[in-house]
Amino acid sequence: MKVLVTGGAGFIGSHISQRLIGEGHEVRILDNLSTGRKENLFEFADKVEFREGDIRNAALVQELARECDLIYHQAAVVSVPYSVEHPQETHDVNIQGTINVLQAARACRVKRVVFACSAAVYGEDPELPKRETMAPLPVSPYGVEKITGEYYLGAWNALYGVQTVSLRYFNVFGPRQDPRSPYSGVISVFVDRALSGAQPTVFGDGEQYRDFVFIDNVVQANMLAGRVEAAAGRCYNVGCGEKTSLNELLGMLGRICDREMEPQYADPRAGDIRESVADISRIKRELGYAPKVAVEDGLRQLVEYERAKR
Ligand code: NAD
Ligand code: UD1
């Protein structure tokens, strides 16, 4: 198969690309390197077709979708607080960019588009765990953009003969997640602080919790979403179904790194949700997904990877 991965130089997209290549597929990547890095492709650079460019450029997306059987659409501005500060920019990338991908799929007769959606679509609905049948109640521009993208997918699936699958990732972590920006995912930042000896900052009281999911589990979900026929037109939570608070996370990390992780507490972030954990029964039942790496094991693997890198 020929597969286009948008955002393929990013954290999740590079792992999806690497797995696809390992399975013998031809992979093409479109990425503007805004948060992704070419070093993420280092282990398989000679086996991938890389194009630096923007998903806001509809003609370019269409050029790259040509002859593809499948698109993994991972490119996005991924930070919730960044979307709070720059809602117009994130609208353009996360909504218009997604329409460009869908239009390209339609024009080039790509069979299926798998979309990186987010748990942020659930917002502050107090009901837990989050189920796909709940009404979305996003509280950030990013959450609004991700549910809008998913709604557009549904329309393309119904109207234009493009099969679509939306994966609502919970909090993904693992090697290649960039810790260096103020908008980086919390585990990448905390591991970086643990190894450099710096003090981590917790926004809020640290009792907010997330369903952290190691990258290997997310790649597995993507492979299933790409090939299971019955997934067309569906959306699925991708998590582990277990909650970990930030304070618990720091405790785990302290044990793994054998040091006290005493944080500094600061004001909560605007647009933050407090509690997020997935019901993963739909994806288990319909796609046969089974998360294989638990949070603490994933954390251990990440710490080893970061230590080796240093
Ligand atoms: P990432 O920042 O590492 O990857 C995003 C990639 O998209 C980067 O390589 C970036 O350069 C690229 N990109 C951004 N804007 C672009 C544009 N306009 N044109 C072309 N490329 C562009 O982040 P990630 O964690 O790998 O996120 C991948 C996808 O998963 C995103 O859609 C994100 O919203 C979604 N997601 C991530 C998480 C998580 O916990 N990491 C959770 C839910 C959803
Ligand atoms: C993350 C993803 C988002 C995804 C969503 C799905 C990133 C950057 N964001 O958002 O793309 O759609 O999960 O659930 O990958 N925090 C600290 N200290 C820090 C950094 C963060 O206390 O140094 C806190 C935040 O305030 C928040 C929690 O940790 O309460 C998680 O933050 P973050 O990792 O940015 O993830 P989400 O906002 O949940």
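Start at 1 and go down the list; that is how both ligands and their atoms are numbered. Only a predicted model underlies this, so the values are computations on that prediction, with no experimental measurement involved. Just the heavy atoms: all of them, side chains too, but no hydrogens, waters or symmetry mates, feed the values below.
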What does the 4.0 Å heavy-atom contact list look like for ligand 1? G7, A9, G10, F11, I12, D31, N32, L33, S34, T35, G36, G53, D54, I55, R56, Q74, A75, A76, V78, V93, A116, C117, S118, Y142, K146, Y169, F170, N171, V172, Q177

For R109, is the CZ atom crowded, meaning more than 12 foreign heavy atoms sit under 6.0 Å from it? no

Amino acids in close contact with ligand 2, where any non-hydrogen atom sits under 4.0 angstrom away: V78, V80, S118, A119, Y142, Y169, F170, N171, Q177, Y183, S184, G185, V186, V189, F190, T201, V202, F203, Q208, R210, L246, R269, D272

What pairs of donor and acceptor atoms, side-chain ones from residues 74-81 against any protein atom, are under 3.5 angstrom apart with sequence neighbours left out?
{"residue": "Q74", "atom": "OE1", "partner": "Y169", "partner atom": "OH", "Å": "2.8"}
{"residue": "Q74", "atom": "NE2", "partner": "Y169", "partner atom": "OH", "Å": "3.3"}
{"residue": "S79", "atom": "OG", "partner": "Y82", "partner atom": "N", "Å": "3.0"}

So, F170 versus F212, ring centres under 6.0 angstrom or not? no

Strictly by modelled atom types, are E275 and Q208 linked by a side-chain donor-acceptor pair under 3.5 Å? no

Within 45° cone of Y289 ring axis and under 6.0 Å: K284 NZ or CZ: no

Applying ring-ring contact (aromatic ring centres under 6.0 Å, His included), which residue pairs with at least one partner in residues 121-142 are found, sequence neighbours left out? none

For a quick check under 3.5 Å, do R176 and S14 share a side-chain donor-acceptor pair by atom type? yes

Carboxylate-amine/guanidinium proximity below 4.0 Å for E304 and R307: no

May I ask you to say whether K111 pairs ionically with E229, meaning some side-chain N is under 4.0 Å from a carboxylate O? yes

